[in-house]
Amino acid sequence: MFPGLGVIADRLRTAARVTVMTGAGISAASGVPTFRGPGGLWRSFRPEELATADAFRRDSTLVWEWYDWRRGLIATCLPNAAHEVLARWSQRDGFTLITQNVDGLHERAGTKDTIRFHGSLWRLRCWDECGRPEWEDRTVPIAPLPPRCPDCGGLARPAVVWFGEPIDPRILHACDAALDCDIFLSIGTSSVVYPAAGLVHTAKRRGAFAVEINPQTTDVASSIDLAIPHPAETALPALDALLTSAVG
Ligand code: BJW
Ligand code: ZN
């Protein structure tokens with residue numbers, strides 16, 4: 001057992017409200033590249049050239065080629081043991097999962113009511129905002145590129161949040177309610193992208209026991225209650241086993 005897990009298990013056992021925030025690291029063991037760090041997407045691509053509205057305005061085909069490549073790669077990936085533990089926990093009353101990930105692996109693991117902070121790779125919306133609500137499209141590969149809005153024929157864009165774009169106010173509202181919790185687990189995120197990175201601090205300020213699970217030390221580690229320096233796919237099953245053995 002990893003040191004510290006017993007403390008978290010005790011907290012989880014008695015908590016009425018549990019909130020978990022995940023980032024790209026939780027999907028690393030599934031084969032989905034993270035953004036920063038070794039092998040991260042930002043090592044090979046410049047975010048300002050691909051993950052901004054300006055980039056899309058400049059060259060929508062280039063941006064779509066990048067998203068189409070990522071969709072193709074993620075379509076071959078499966079949820080890992082960490083996604084599966086959280087999917088089981090999501091059946092519990094008072095549990096909320098917020099993810100920054102756009103890969104859809106939490107949903108594929110069967111998680112109930114995932115809050116998608118940065119949207120989804122598998123959803124599209126009209127670039128011209130013609131009024132059509134965003135729609136699901138799981139086609140891999142998309143052809144022809146760039147895809148078009150079925151209603152107005154204008155360009156479609158990935159329904160993700162790019163740099164400089166606001167988070168949907170309904171998502172922020174749902175997250176705000178979930179920050180009144182007894183324990184907040186921040187898992188697999190570098191905690192550098194705001195406003196997502198601020199959630200753990202708000203939860204802690206409001207009284208939550210704040211935990212980070214990440215093999216690397218991040219900037220939040222010094223201001224939380226407990227950091228577990230291990231990969232999510234081993235730490236979460238170990239934690240789940242502690243909880244299960246106490247019940248059984
Ligand atoms: C493991 C592991 C294993 C590895 N187990 N762990 C101050 C305050 C507020 C905003 C700003 C601010 N300063 C700057 C801003 C603006 C900007 C921002 O935060 N920039 C920073 C980079 C400085 N923020 C924004 O622009 C946001 N919008 C906004 O602020 O709007 C304001 C506004 C208001 C009103 C009108 C208009 C605007 C939007 C941010 C959108 C982020 N979008 C992306 C792309 C999504 C689409 C796509 O995928 O293409 O979201 S960027 C990318 O980063 C993606 C991720 O969700 C996000 C976070 O990354 P994450 O998940 O943390 O991944 P990594 O790779 O960074 O970290 C992985 C971690 O896992 C590492 O720590 C590893 O160690 C760990 N790990 N293996 C556990 N096995
Ligand atoms: Zn349209």
Side-chain angles (χ1 to χ4, degrees), residues 21-43 45-56 63-64 66-71 73-74 80-83 85 98-104 116-135 147-169 171-172 185-201 212-221 227-237:
M21 151 71 87
T22 64
I26 198 165
S27 296
S30 296
V32 181
T34 59
F35 291 93
R36 300 160 189 88
L41 289 170
W42 290 167
R43 291 279 168 107
F45 305 96
R46 287 162 56 82
E48 59 276 21
E49 281 170 13
L50 292 163
T52 66
D54 274 350
F56 191 81
V63 171
W64 262 116
W66 187 58
Y67 278 94
D68 195 45
W69 168 73
R70 287 173 61 202
R71 285 162 57 106
L73 188 146
I74 291 167
N80 64 56
H83 297 105
V85 167
I98 305 166
T99 188
Q100 296 172 75
N101 299 346
V102 296
D103 58 29
R116 291 192 292 249
F117 204 81
H118 289 153
S120 169
L121 273 183
W122 305 110
R123 298 183 70 78
L124 272 55
R125 63 185 158 91
C126 179
W127 170 251
D128 293 328
E129 299 179 348
C130 71
R132 180 188 169 92
E134 67 173 45
W135 64 95
R148 299 267 158 195
C149 170
D151 279 7
C152 73
L155 282 175
R157 60 161 283 177
V160 298
V161 183
W162 283 327
F163 285 112
E165 293 186 327
I167 309 301
D168 181 333
I171 298 283
L172 288 177
L185 306 181
S186 174
I187 304 175
T189 174
S190 57
S191 296
V192 295
V193 175
Y194 281 83
L199 301 187
V200 63
H201 300 293
E212 177 177 69
I213 299 179
N214 192 320
Q216 305 295 323
T217 304
T218 72
D219 286 352
V220 304
I228 303 291
H230 295 283
E233 66 278 10
T234 49
L236 282 176

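All heavy atoms count here, side chains included; hydrogens, waters and symmetry mates do not. Residue indices begin at 1 and follow the sequence shown. Counting starts at 1 for both ligands and their atoms, in listed order.
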Could you grab the distance from atom OG1 of Thr189 to atom CD1 of Ile26, nearest 0.5 Å is fine?
-> 11.0 Å
Would you check whether Ile26 reaches within less than 4.0 Å of ligand 1, judged by its heavy atoms?
-> no
One should read off an interatomic distance between Cys130 SG and Asp151 CG, to the nearest 0.5 angstrom, of 5.0 Å
For the residue pair His201 and Val220, establish whether any side-chain heavy-atom pair is separated by less than 4.5 Å.
-> yes
With respect to atom 48 (C) of ligand 1, which of Arg70, His118, Gln100 exhibits the smallest heavy-atom separation?
-> Arg70
Just wondering, do Phe56 and Leu50 contact through their side chains at under 4.5 Å, heavy atoms?
-> no
If you count the atoms of ligand 1 from 1 in the order shown, which ones are under 4.0 Å from a heavy atom of Val193?
-> 19 (O), 40 (C), 42 (C), 54 (O), 58 (C), 59 (C)
Heavy-atom nearest pair, Phe35 first then Ala24, reads CD1-CB, 4.0 Å
Mind listing the closest non-hydrogen atom pair of Ile74 and Asp103 along with its distance?
-> CG2-O, 3.6 Å
Hey, looking at atom 69 (C) of ligand 1, which of Gly188, Ala82, Pro231 has the closest heavy atom?
-> Gly188
Any Leu73 side-chain heavy atom under 4.5 Å of Pro33 side chain | yes
Pull out every atom of ligand 1 sitting under 4.0 Å from any heavy atom of Glu233, numbered as shown with elements.
-> 3 (C), 5 (N), 80 (N)
So is there a nitrogen or oxygen of Ala24 less than 3.5 Å from a nitrogen or oxygen in ligand 1?
-> yes
What do you think, any protein heavy atom under 4.0 angstrom from atom 38 (C) of ligand 1?
-> yes
Has Ala29 got any heavy atom lying under 4.0 angstrom from an atom of ligand 1?
-> no
Please confirm whether Trp66 comes within less than 3.5 Å of ligand 1 when only nitrogen or oxygen atoms on both sides are compared.
-> no
Trp64 side chain to Ala156 main-chain N or O, any donor-acceptor pair under 3.5 Å?
-> yes
Identity of the nearest option to atom 79 (C) of ligand 1, non-hydrogen atoms only, from Ala196, Gly119, Pro215, Gly40 = Pro215
Check ligand 1 against Val192 and write out every atom of the ligand that is under 4.0 Å from a heavy-atom position of the residue.
-> 19 (O), 21 (C), 22 (C), 23 (C)
Do any N or O atoms from the side chain of Arg71 and from the backbone of Leu121 form a donor-acceptor pair under 3.5 angstrom?
-> yes
Can an N or O of His230 be found at a distance shorter than 3.5 Å from an N or O of ligand 1?
-> no
Could you check atom 35 (C) of ligand 1 against the protein and tell me its nearest heavy-atom contact, residue, atom and distance included?
-> Pro166 CB, 3.8 Å
Residue selection (non-hydrogen contact nearest atom 46 (C) of ligand 1) among Ile228, Ile167, Val161 | Val161
Output the list of atoms in ligand 1 that are nearer than 4.0 Å to some heavy atom of Gln216, sorted by atom number.
-> 75 (O)
If you measure every N/O of Thr218 against every N/O of ligand 1, is any gap under 3.5 Å?
-> no
Taking both backbone and side-chain atoms of Phe35, is any N or O found less than 3.5 Å from an N or O belonging to ligand 1?
-> yes
Tell me: protein heavy atom nearest atom 63 (O) of ligand 1, and distance?
-> Thr189 OG1, 2.7 Å
Tell me, which protein residue and heavy-atom name are nearest atom 10 (C) of ligand 1, and how many Å apart are they?
-> Tyr194 CB, 3.4 Å
Which residue supplies the protein heavy atom nearest to atom 73 (O) of ligand 1, what is that atom called, and how far is it?
-> Asn214 ND2, 2.9 Å
Judged by atom type as modelled, is there a donor-acceptor pair below 3.5 Å linking the side chain of Asn214 to the main-chain atoms of Ser190?
-> no
Is there a protein heavy atom less than 4.0 Å away from atom 16 (C) of ligand 1?
-> no
For Trp122, does its backbone N or O pair with a side-chain atom of Ser120 as donor and acceptor, under 3.5 Å?
-> yes
Give, for atom CD1 of Ile228 and atom OG of Ser186, the distance between the pair rounded to the nearest 0.5 Å.
-> 12.5 Å
Is a side-chain N or O of His83 found less than 3.5 angstrom from the main chain of Asn80, in a donor-acceptor match?
-> yes
Spell out, as yes or no, whether a donor-acceptor pair under 3.5 Å connects the side chain of Asp219 to the backbone of Val192.
-> no
Does atom 13 (N) of ligand 1 have a protein non-hydrogen atom under 4.0 Å from it?
-> no
Could you list which atoms of ligand 1 come closer than 4.0 Å to a heavy atom of Trp162?
-> 39 (C), 41 (C)
Using a strict 4.0 Å cut-off to heavy atoms of Gly23, name the atoms of ligand 1 that fall inside it.
-> 62 (O)
Close approach, Tyr67 and ligand 1, non-hydrogen under 4.0 angstrom | yes
Could you tell me whether Asn101 and ligand 1 have an N or O pair separated by under 3.5 Å?
-> no
Gly164: heavy atom below 4.0 Å from ligand 1, yes or no?
-> yes
Looking only at non-hydrogen atoms, the one of Arg36, Glu212, Arg116 nearest atom 60 (O) of ligand 1 is Arg36
Specify the closest pair of heavy atoms between Trp135 and Arg148, including all atoms of both residues, with the distance to one decimal.
-> CZ2-O, 4.1 Å
For Glu165, take its heavy atoms, then give the atoms of ligand 1 lying under 4.0 Å from any of them.
-> 27 (C), 28 (N), 29 (C), 31 (O), 38 (C), 39 (C)
Ligand 1 atoms nearer than 4.0 angstrom to some heavy atom of Val102 are 49 (O)
Residues pairing under salt bridge (Lys or Arg N to Asp or Glu O under 4.0 Å) where one sits in residues 119-129, two or more places apart or in two chains, turn out to be Arg123-Glu134
among protein heavy atoms, the one nearest atom 52 (S) of ligand 1 is Phe163 CZ, 3.5 Å
When you measure from the side chain of Thr52 to the backbone N and O of Ala55, does any donor-acceptor pair fall under 3.5 Å?
-> yes
